[in-house]
There are 2 protein chains.
Amino acid sequence: MSVTQVRKERERAEREALILDHAQRLLVRDGFQDLNLDELAAAVEYSKGTLYLHFESKEDLTLAIATRAARERADLFERASRFQGRSRERMRAIGFACCQFAIMHRDYFNVEMMLKSASFWEKASLERRRLHGVQAGRLFQTTNAIAVEAQAVGDLPREHRAVDVTLSLFAITMGSHIVAMQPDVQLLAGIEDPICVVRQNQDRVCDGWGWKPLLAEWDYAATDRRIRDEVFPEATWLKTP
Amino acid sequence: MSVTQVRKERERAEREALILDHAQRLLVRDGFQDLNLDELAAAVEYSKGTLYLHFESKEDLTLAIATRAARERADLFERASRFQGRSRERMRAIGFACCQFAIMHRDYFNVEMMLKSASFWEKASLERRRLHGVQAGRLFQTTNAIAVEAQAVGDLPREHRAVDVTLSLFAITMGSHIVAMQPDVQLLAGIEDPICVVRQNQDRVCDGWGWKPLLAEWDYAATDRRIRDEVFPEATWLKTP
DNA sequence: CTGTTTTTTGACCGTGCGTCAAAAAGAATT
DNA sequence: AATTCTTTTTGACGCACGGTCAAAAAACAG
């Protein structure tokens, strides 16, 4: 590949990032339905035709936004999984990564939810679907590896499959985000901080599977401080008691 | 009100139900985005103008579908809550109602998820939003009452608020439905029956809060049989061992 | 049968996604 | 520097669909 081609490719990637930045901003502001591609074209100062050189449909563009966020999330998960500690502490580090991500991208789950609709999914390009699958796979595998290890060292009962545990943690995380982000639910249930709800529920699920050490048997506040100091120094949201 | 007006009102309600029936079918088939109001008008054999005598926008129509389903769900919850037994058995009956509903409306959660988008919500009429709030309130209150009672009789530790427990159960239910319904997840995690995943996760969350009697301390298969026999005789999906 | 009110209709409008012929920019050649 | 060929970019346009409303049809009243 010639030098020129390398430069072209880099410029193309930069333009794609620019488009994604603006598109994400508008998507968060207006939602998918009201995301206007003419406005986006004006914002990035390129024509609509140029947008379509990068993305083959509005859905494709939206999926690209979700995939970029998913990659970032998977990166945080992998950082978290390197935390040195007992298996449940490491899983807690994953939960910590979740929070860190949720704070950086308050609205990621709104975008993620669109992907669950079949009619949306099938309008995105095959290649982008594949790329998203890769990131989703990283997220799952990183988490599941900890559950598998937990069974290996005897912290987590072997009577159930590790994937079931992992899946339940994904479910409680997604579900908690969805319900705790609803303003009416926040009022009804007196929720101050949705992030706390997510973490609390993750803890309950782990306890529910009998993942040692249980909440009552360990000082997880200390674990949290270690996670922050050793893995996520940027996590200023964790209040140290 | 004259006799004629009563008849008119009944006919109007019947037509609205007809529209909702067809709209629900098309919504499930095509998703919100591809739900075509011209096609719907043709299906119900009324003009598009007539549709707009009932619903002030496509979102309004969709919300009406969701609310009708939510009412049905709340009815099942209330039936379930009348089950005679210990508090956790009664909560299990609620989980049972969830399953019964999920089987009758495989795709309810897809519709429900649309409502989480702010841009969707604000396009529906005030009155319909209110009506949906009423049904959502019934669902929550019916469930929460059991958690409150569980604390009163000492089955559920008092160290946490009952609403937090209720909320976590809603979260695990919604989250499990979403993740377990994904075809790729089903393959990745080897899921045969998504319904089982939902129930299993609900059990884990209850155990996680220390809701007595715990899974290991009670014969919940027997409870399930009682629930079916006494409350949901139509639930043929429960295989009796 | 005729005039009045109510109900229903479908042609029409605006919006916004996606396309593609044409213009502009860039590279190569003379 | 001029010309030709190639690549890149553009924005006017086609079209599908949600929503409107004047007019037609139906129902009703006298």
Side-chain angles (χ1 to χ4, degrees), chain A residues 1-16 18-19 22-23 26-27 29-65 114 117 119-126 128, chain B residues 1-16 18-20 22-23 26-27 29-65 114 117 119-125 128:
Chain A
M1 193 190 265
S2 77
V3 218
T4 316
Q5 277 176 313
V6 170
R7 193 199 69 219
K8 288 268 178 68
E9 196 46 51
R10 192 188 62 233
E11 284 173 356
R12 193 190 142 84
E14 280 166 8
R15 190 169 68 181
E16 189 152 315
L18 176 76
I19 296 171
H22 281 272
L26 297 178
L27 185 68
R29 197 191 65 188
D30 302 333
F32 176 75
Q33 183 93 357
D34 295 343
L35 168 63
N36 186 318
L37 295 193
D38 285 305
E39 186 184 355
L40 174 59
V44 297
E45 295 177 308
Y46 282 101
S47 78
K48 202 157 53 157
T50 302
L51 299 186
Y52 278 84
L53 295 175
H54 290 268
F55 309 100
E56 66 180 44
S57 68
K58 191 171 157 178
E59 285 81 1
D60 202 37
L61 167 64
T62 306
L63 181 55
I65 293 170
M114 292 171 198
S117 147
S119 59
F120 179 99
W121 196 252
E122 68 204 13
K123 283 174 194 155
S125 66
L126 268 175
R128 280 236 152 63
Chain B
M1 194 189 266
S2 77
V3 218
T4 316
Q5 277 177 314
V6 170
R7 194 200 68 219
K8 287 269 178 69
E9 196 46 52
R10 193 189 61 233
E11 284 173 355
R12 192 191 142 83
E14 280 165 8
R15 189 169 67 180
E16 189 153 314
L18 176 75
I19 296 171
L20 286 178
H22 281 271
L26 296 178
L27 186 67
R29 196 191 66 187
D30 300 335
F32 176 75
Q33 182 93 0
D34 294 344
L35 168 62
N36 186 318
L37 296 192
D38 285 304
E39 187 185 353
L40 174 59
V44 297
E45 293 176 311
Y46 282 100
S47 76
K48 203 155 55 156
T50 303
L51 300 186
Y52 278 85
L53 295 174
H54 290 268
F55 309 101
E56 65 181 43
S57 67
K58 190 172 159 178
E59 286 81 2
D60 202 38
L61 167 64
T62 305
L63 182 56
I65 293 170
M114 291 171 198
S117 148
S119 60
F120 179 98
W121 197 251
E122 67 203 14
K123 283 174 196 155
S125 66
R128 279 236 151 62

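Letters A, B, ... mirror the listed sequences (proteins, then strands); counts begin at 1.
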(request) For E14(B), look at atom CD and say whether over 12 heavy atoms of other residues, nucleotides or ligands are found less than 6.0 Å away. (result) yes
(message) Could you check whether atom CD of E11(A) has more than 12 heavy atoms from other residues, nucleotides or ligands sitting under 6.0 Å from it?
(response) yes
(request) Might you point out which heavy atoms bring F55(A) and A64(A) nearest each other, and give the distance in Å? (result) CE2-CB, 3.7 Å
(request) Work out which heavy atom in H54(A) is nearest to a heavy atom in R128(A); give both atom names and the distance. (result) O-NH1, 3.6 Å
(message) Using OP1 and OP2 only, check whether a side-chain N or O of K48(B) sits under 4.0 Å from dG10(C).
(response) no
(message) Using OP1 and OP2 only, check whether a side-chain N or O of R15(B) sits under 4.0 Å from dT8(C).
(response) yes
(message) With a 4.5 Å cut-off on side-chain heavy atoms, are V44(B) and T50(B) touching?
(response) no
(request) Please examine the side chains of L51(B) and L40(B), heavy atoms only from C-beta on, and report whether any two atoms are closer than 4.5 Å. (result) yes
Measure from the side chain of [X], starting at C-beta and using heavy atoms only, and say which of [options] lies closest.
X: T50(A); options: dT9(D), dT8(D), dT8(C); value: dT9(D)
X: S57(B); options: dT10(D), dG19(D), dC28(D); value: dG19(D)
X: Y46(B); options: dG18(C), dT10(D), dT9(C); value: dT9(C)
X: L53(B); options: dT8(C), dC17(C), dG19(D); value: dT8(C)
X: K58(B); options: dT8(D), dT10(D), dG18(D); value: dG18(D)
X: D38(B); options: dC17(D), dG18(C), dG10(C); value: dC17(D)

(request) Please assess E59(B) against T62(B) for the test side chain to side chain contact (heavy atoms under 4.5 Å, CB included), listing each intermediate value before the final yes or no. (result) CA-CA 5 Å; E59(B) 286 81 2; T62(B) 305; 5.6 Å; no
Length of the [atom1]-[atom2] vector between [X] and [N], whole Å:
X: L51(B); N: dC17(D); atom1: CG; atom2: P; result: 15 Å
X: L26(A); N: dG16(C); atom1: CG; atom2: C1'; result: 15 Å
X: D60(A); N: dT19(C); atom1: CG; atom2: C1'; result: 16 Å
X: K8(A); N: dT9(D); atom1: NZ; atom2: P; result: 9 Å
X: L40(A); N: dG18(C); atom1: CG; atom2: P; result: 12 Å
X: Y52(A); N: dC13(D); atom1: OH; atom2: P; result: 19 Å
X: E16(A); N: dT9(D); atom1: CD; atom2: P; result: 13 Å
X: H54(B); N: dG19(D); atom1: NE2; atom2: P; result: 16 Å

(request) Check DNA chain D against residues 29-37 of chain B and give the residues with a non-hydrogen atom under 4.0 Å, in numerical order. (result) L35(B), N36(B), L37(B)
